[in-house]
Amino acid sequence: MQKSLKCLSLLLAYPSTEIQNEIEALGTALEADGQLNGAALDALAPLMARYADADIWDLQESYVELFDRSRTLSLNLFEHLHGESRERGSAMVDLLETYRSGGFDLETSELPDHLPVLLEYLSTRPVGEVRELLVDASHILGALHTRLTRRSSPYAGVFAALLSIAGVALEEATSPELVAEPDDDPNDLEALDAVWEEAEVTFGPDPNAGCPQVRDMLANMDTPPAAARSQLTGAGNA
C-alpha cells in the first residue's frame with residue numbers, strides 16, 4: 001500500500017516534468033502494488049494518458065484552475081470542514097503535532113491538511129490506520145470525485161482510487177450536503193473573492209491541545225459541515 005499512496009500523492013501534486021517523465025513508472029508501480037482493483041486502475045487511465053501526451057504548461061494551467069482557483073475543489077481537506085475559520089487553524093496545529101509524533105517531517109510549503117501531504121504521511125502508517133482515516137474522509141473524497149466528474153476532469157480517477165483503497169463504494173461516499181454546494185467558476189473573479197473573504201486562520205500554540213491521532217481529527221469529516229461546526233461550537237462551550 002505504501003507505493004500506491006506515494007504514487008497517488010504524486011498524481012495530486014502540482015505537475016512537474018519530473019512527474020511527467022516518470023508517469024509510466026507510476027502506472028507500473030500502482031499495478032504491481034496490487035492495492036487497486038481493475039475498475040480503479042481504469043479510472044486512473046485518463047489522467048495517466050493526459051500526463052503522457054499533454055504539454056507540461058497545459059497540465060500546470062489545468063491544475064491551478066481546478067485546485068487553486070476553486071474552493072470547492074480545494075485539496076486542503078480542512079477547508080471543506082472549517083473553511084477559513086479559526087477552528088481550522090487549531091486543527092492544523094494538531095495535525096502538525098501528529099505528523100511529528102509519527103516521525104514525519106513536513107518538508108513542503110503546502111499546508112499540513114493538503115491531501116498529497118497527508119497521503120505521503122499515510123504511506124508511513126499501518127494499513128488499518130490508513131483505511132480508517134480514508135473511510136472517515138470518504139464523504140469529502142466522494143464530493144471531490146463528483147465535482148471533478150462534472151467537470152470531465154481526469155483527476156476524478158485519483159479519488160476513485162482512494163475510495164477503492166478505503167473499501168468505500170462511490171455511491172456510499174456521496175454526501176448530499178457537500179455535492180449540493182455549487183461549483184466555483186474560476187473565471188468569476190468577483191465571486192471568488194467573496195467566497196475566500198472569510199475569517200483569518202490563526203496558527204499558534206493551544207495550551208489545551210494534546211496530540212490526537214489523525215483519525216480522531218478527521219472523524220468529523222463524515223458529518224455535514226454545518227452540523228460539524230455546531231458540534232465543535234458546543235464542545236468549545238462545554
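All figures in this text were calculated on a predicted structure; none of them were measured in a lab.
Of all heavy-atom pairs spanning Ala166 and Val135, the tightest one is O-CG2, 3.5 Å. For the pair Ala161 and Leu36, the tightest heavy-atom approach, listed with the atom from each and the gap, is O-CD2, 3.6 Å.
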Test side chain to side chain contact (heavy atoms under 4.5 Å, CB included) on Phe104 and Arg125; report intermediate values, then the result.
CA-CA 10 Å; Phe104 180 74; Arg125 308 307 298 166; over 6 Å; no
Could you walk me through whether Leu73 and Asp68 pass side chain to side chain contact (heavy atoms under 4.5 Å, CB included), step by step?
CA-CA 8 Å; Leu73 292 176; Asp68 293 344; over 6 Å; no
Test side chain to side chain contact (heavy atoms under 4.5 Å, CB included) on Val158 and Leu144 and set out the steps.
CA-CA 10 Å; Val158 181; Leu144 288 168; over 6 Å; no
Can Phe159 and Thr146 be said to form a side chain to side chain contact (heavy atoms under 4.5 Å, CB included), step by step?
CA-CA 9 Å; Phe159 294 90; Thr146 297; over 6 Å; no
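Atom CG of residue Leu141 and atom NE2 of residue His139 lie 10.5 Å apart, to the nearest 0.5 angstrom. The line from CG of Leu162 to CD of Gln35 is 12.0 Å long, rounded to the nearest 0.5 Å. Atoms CZ and CG, from Arg131 and Asp136 in turn, are 14.5 Å apart once rounded to the nearest 0.5 Å. Rounding to the nearest 0.5 angstrom, the gap separating the CD atom in Glu22 from the CG atom in Leu10 is 9.5 Å. Between the SG atom in Cys7 and the CG atom in Leu12 there is a gap of 11.5 Å [rounded to 0.5 Å]. Rounded to the nearest 0.5 Å, atoms OG (Ser4) and CD1 (Ile165) are 5.0 Å apart.
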Identify each donor-acceptor pair in which a side-chain atom of residues 24-32 lies under 3.5 Å from a protein atom, sequence neighbours left out, and give them as a table.
{"residue": "Thr28", "atom": "OG1", "partner": "Glu24", "partner atom": "O", "Å": "3.1"}

Extract all donor-acceptor atom pairs below 3.5 Å that involve side chains of residues 43-60 and protein atoms in other chains or at least two apart in sequence.
{"residue": "Asp55", "atom": "OD2", "partner": "Trp57", "partner atom": "N", "Å": "2.8"}
{"residue": "Gln60", "atom": "OE1", "partner": "Tyr14", "partner atom": "OH", "Å": "3.4"}
{"residue": "Gln60", "atom": "NE2", "partner": "Pro15", "partner atom": "O", "Å": "3.0"}

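In this structure the side chain of Pro112 never reaches within 4.5 angstrom of the side chain of Val117, judged on heavy atoms. Proximity of Leu11 to Ile23: side-chain heavy atoms (C-beta onward) are separated by under 4.5 Å at one or more points. Gln2 places none of its side-chain heavy atoms less than 4.5 Å from the side chain of Asp33. Side-chain contact check for Thr124 versus Leu5: every heavy-atom pair is 4.5 Å or farther apart. In this structure, the side chains of Lys6 and Lys3 stay at 4.5 Å or more apart for every pair of heavy atoms.
Ser70 contributes no side-chain N or O that, together with a main-chain N or O of Thr72, makes up a donor-acceptor pair within less than 3.5 Å. At least one donor-acceptor pair under 3.5 Å links the side chain of Thr149 to the backbone N or O of His145. Counting only distance, with no hydrogens or angles, the side chain of Ser74 and the backbone of Arg71 share no donor-acceptor pair below 3.5 Å. Checking side-chain atoms of Asn76 against main-chain N and O of Phe78 turns up no donor-acceptor pair under 3.5 Å. Distance alone, capped at 3.5 Å, is enough to place a donor-acceptor pair between the Ser9 side chain and the Pro116 backbone.
Here the rule is side chain to side chain contact (heavy atoms under 4.5 Å, CB included) with Ser164, and of Asn37, Leu170, Leu134 only Asn37 fits it.
Evaluation of the ring pair (Phe, Tyr, Trp, His ring centres under 6.0 Å) rule for Phe67 yields Tyr63, Tyr155 as partners, not counting sequence neighbours.
Atom CD of Gln20 has more than 12 neighbouring heavy atoms from other residues, nucleotides or ligands inside a 6.0 Å radius.
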